[in-house]
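Atoms within a ligand are numbered from 1 in the order they appear, just like the ligands themselves. Sequence positions, counted from 1, serve as the residue numbers for this chain.
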Amino acid sequence: MSMTIRNFIGGEWKSAKGGGHFDSFNPANVNELLATVPRSGREDVDLAVAAARESFLLWRRMPAPRRGEILYRAAELLLRQKEGLGELVTREMGKVLPEGLGDVQEAIDIAYYMAGEGRRLQGETVPSELPDKDCKSVREPLGAVALITPWNFPIAIPAWKIFASLICGNTVVLKPSSSTPACATVLVEVLGQAGIPAGVVNLVHGAGEEAGEYLATHPDINAVSFTGSVAAGERLEGLLGKMHRPLATEMGGKNAIIIMDDADLQLALEGVLWGGFGTSGQRCTAASRVVVHEKVHDRFVVMLVEAAKRLRLGDGLKRETDVGPVVNEQQLNKVLGYIRTGRDEGAELVTGGQQVTAGECARGYFIAPTVFVDVTSSMRIAREEIFGPVVSVIKCSSLDEALEIVNGVPFGLVSSIYSRNVNLTARAERDLQTGIVYINASTIGAEVHLPFGGWKHSGSGHPEAGGRGGALDFYSRVKVIYRDFSGRLQRAQIDK
Ligand code: UN1
């Protein structure tokens, strides 16, 4: 049964002022309509921003531990609804059910974690260079923040941003991806049930170019956090840079797994399958490059091709499905386009490479798990983010060469190395130019209490998740307070 979705503004569910709407479908079966969604315009965004501004004073003055208690209740409610929400994730964006449940679990984790941060939110207290004077720094919220989120983690990524914003004392306007509006709506519903006051979290549905961009550049917004495509992120960087508005962007990766000649190949294989084809390759953290030592290259390719062929495509709600659909027709065409590019560039396609339309795949957007070999680092399939179930295998002859290949792309989100040699893994740990490095583990599986963010073109360098050194640094600003209780003029740098 399909839902009729509304915006959530100032604690009320509202249709779009202009009356327009769009639909959300199940990508495993496009005949299944999930939701009819308001297509918001400027007026709707104006109302949501006004609601966020109005509630800011009340929310920022609520003691942070009290804000944390509300977040804790949200975590408990999400836990109770985990099954239903996980299924909705699978139905709305296609990832297999265990991953849909994982998406929800990641939101639960961040809610508990940020609830605890309400009793920390540390600044610093340090001695002054002068007598009878003390110095401290405190964290203050930014104001009303705009959060623009993608479809690949339709619960977890909004939750990363919302809970970090809220614990710092900000109010929020969320514009979720137009491909996953139902997931965002249920998440916001739960926040209301947890006791978040009206106006503190607002939700506006619509297209990125309309509602999203207008929201991000709205004069009454104080900061913007965006996760999504490179093109949209770079556009926002241009617009907001001119406005001197804080912007956190998370725009993807071209992540690689290095497999050295002494690696446990079976373990590495499992890592490549999980990293390359989990979520149908639609993660910023997906392992889309595998750099394999020449001594084990051919053996590993045989293992990979056999295993990739065995993966079962289908509806993610079915227990036996390994790989679900890609999210929509546009992604389908984009990924198929990259597969054509790979062939044209001279890479050898060893398995997959086409849309699957047989049997239960007939009504959805399915692409067979695809592996290219003989890929060189200058090819587009080895440099650009594909965001689909496509793995490019590149041969190397030493760790140095592997590091050069991995580091030689503009992105820098995740990398991984499989080797039993501690000296090699320690060198890789030191020299890999990515925000996240895994040793003997795949490229996916970041945990919420550590910062999540890419280097280089992967993002702005303001990580998601984590506490100090992570999301809290973006969603708060530091105020330094000097208190002089000497009763006389004391001059720093001058009086001794
Ligand atoms: C993303 O791909 O956008 O490490 C986020 C992971 C997840 C988060 C991925 N915990 O793959």
Should [X] and [Y] count as an ion pair when the cut-off is N to O under 4.0 Å?
X    : Y    : value
D322 : R310 : no
R468 : D473 : no
R363 : E32  : no

Q: Evaluate whether atom CD of Q354 has more than 12 neighbouring non-hydrogen atoms of other residues, nucleotides or ligands under 6.0 angstrom away.
A: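 Atom CD in Q354 is packed in, count exceeds 12.
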Atoms of ligand 1, numbered as shown, that sit under 4.0 Å from any heavy atom of [X]:
X    : result
G445 : 4 (O), 6 (C), 11 (O)
A446 : 4 (O), 6 (C), 10 (N)
I157 : 3 (O)

Q) What protein heavy atom is closest to atom 7 (C) of ligand 1, reported as residue, atom name and distance in Å? A)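 Ranking protein heavy atoms by distance from atom 7 (C) of ligand 1, first comes R283 NH1, 3.6 Å.
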Q | Nearest-contact summary for atom 2 (O) of ligand 1 - protein heavy atom, Å | A |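 In this structure, atom 2 (O) of ligand 1 has C284 N, 2.7 Å as its nearest protein heavy atom.
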Q.
With nothing but distance in play, are any N or O atoms of F452 less than 3.5 Å from an N or O of ligand 1?
A.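 So ligand 1 has no N or O lying under 3.5 Å from an N or O of F452.
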Q | ligand 1 N/O within reach of E106 N/O, cut-off under 3.5 Å | A |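 There is such a contact, yes.
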Q | N152 contact mode with ligand 1 (heavy-atom cut-off under 4.0 Å) | A |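 It is the side chain that touches ligand 1; the backbone stays farther off.
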Q: State whether F474 and K161 meet the cation-pi test: NZ (Lys) or CZ (Arg) under 6.0 Å from the six-membered ring centroid, and within 45° of the perpendicular axis.
A: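 No - K161 does not lie over the ring of F474 by the 6.0 Å and 45° rule.
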Q. In terms of the angle between their ring planes, are F387 and W151 parallel, tilted or perpendicular, with boundaries placed at 30° and 60°?
A.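 Because their plane-to-plane angle is over 60°, the rings of F387 and W151 count as perpendicular.
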Q | Option nearest atom 5 (C) of ligand 1 (shortest heavy-atom distance, choices F387, Y438, F153) | A |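 The option holding the nearest heavy atom is F153.
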Q | Heavy-atom closest contact (A52 atom, A144 atom, distance) | A |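 Nearest heavy atoms, A52 then A144: CB-CB, 3.9 Å.
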